[in-house]
A.B. asks: 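Could you have a look at this structure, given as structure tokens, before my questions?
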Amino acid sequence: MIPVKIYCACGQKYAFEVEPREGWMPMPVACPACKRDGTADANRFLAEALRAKTQPLPPPSVNTLLNSVQASLAPHLVDALKDAVAQELAAQRRQLLAAQQSAAAELTELAKRLEAVQTPLLERLRAYEQRVTELEKDLADQSKENRELLKLKIEMLREKIQTERTASRISFN
Ligand SMILES: [Zn+2]
């Protein structure tokens, strides 16, 4: 059964439920106020209702949303939008590069300090691990941009610790 609502030309609204026969009204309907034939209106309503039923709208994909945005924007605004996206990506790349350099510089500094005073391996490892712990503590309450840098530093330190450990195993054997 499909609920049908008709808004008659006379201003009367009426509604009923019907079991369509092959998509059409199985019998004529008329406005209860002015007796005007409502069958054609009812058939249009049924066609729309059945189309919506057999073709459920898929959730909009990102592309669909982008297309709808593009369709509703003037071409020069679409270009501006694309430029903005491209610039945002470039800015992120620059930030990441700067973060990498800064993390590498800090690690080099720490390694130099430890090597300058000929810190024994175990103490060097402890120092690196201490720094990792500090960075992880920072990481917990940092803003997102800083988090990326901190994660990078931690990753580099872990690699350094791994390298030192491997080097020590080779020298002991
Ligand atoms: Zn009517």
A.B. asks: Do Met25 and Tyr7 land in one hydrophobic cluster if side-chain heavy atoms of ILVMFWY residues count as linked below 4.5 Å?
C.D. replies: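 Different hydrophobic clusters.
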
A.B. asks: Testing Asp41, Asn43, Asp37 one by one against Thr39 for a side-chain hydrogen bond (donor to acceptor under 3.5 Å, both in side chains), which residue passes?
C.D. replies: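 Looking at Asp41, Asn43, Asp37, the match for Thr39 under the side-chain hydrogen bond (donor to acceptor under 3.5 Å, both in side chains) is Asp37.
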
A.B. asks: Which atom names give the shortest non-hydrogen contact between Gly38 and Ile6, and what distance separates them?
C.D. replies: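 Residues Gly38 and Ile6, closest heavy atoms: O-CD1, 3.6 Å.
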
A.B. asks: Salt bridge check, Arg51 against Glu48: does any charged N sit closer than 4.0 Å to a carboxylate O?
C.D. replies: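 Looking at Arg51 together with Glu48, the answer is yes, because their closest N to O distance falls below 4.0 Å.
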
A.B. asks: Is Met27 reachable from Phe16 through a run of hydrophobic residues whose side-chain heavy atoms are each under 4.5 Å from the next?
C.D. replies: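 Phe16 and Met27: one cluster.
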
A.B. asks: Stepwise, does the salt bridge (charged side-chain N to carboxylate O under 4.0 Å, His left out) test hold for Arg131 with Glu134?
C.D. replies: CA-CA 5 Å; Arg131 187 74 188 114; Glu134 283 169 17; 2.9 Å; yes

A.B. asks: Taking atom CG of Leu46 and atom CD of Glu19, what is their separation to the nearest 0.5 Å?
C.D. replies: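 Going from CG on Leu46 over to CD on Glu19, the span is 10.5 Å.
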
A.B. asks: How long is the gap from SG on Cys31 to CZ on Arg36, to the nearest 0.5 Å?
C.D. replies: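 Taking SG in Cys31 and CZ in Arg36, the distance rounds to 8.0 Å.
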
A.B. asks: Given the rule that I, L, V, M, F, W and Y join up when any side-chain heavy atoms are under 4.5 Å apart, are Leu50 and Val4 in one cluster?
C.D. replies: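 Yes, it is one cluster - the side chains of Leu50 and Val4 are joined through contacts under 4.5 Å.
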
A.B. asks: Minimum heavy-atom separation for Lys5 to Phe45, with atom names?
C.D. replies: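 So the minimum-distance heavy-atom pair works out to O-CD1, 3.3 Å.
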
A.B. asks: Taking the side chain as everything from C-beta on, heavy atoms only, tell me whether Lys13 gets closer than 4.5 Å to Cys8.
C.D. replies: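 With C-beta onward as the side chain, the pair stays apart.
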
A.B. asks: Side-chain contact, heavy-atom cut-off 4.5 Å: Met1 with Val18?
C.D. replies: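 Contact flag for Met1/Val18 side chains = no.
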
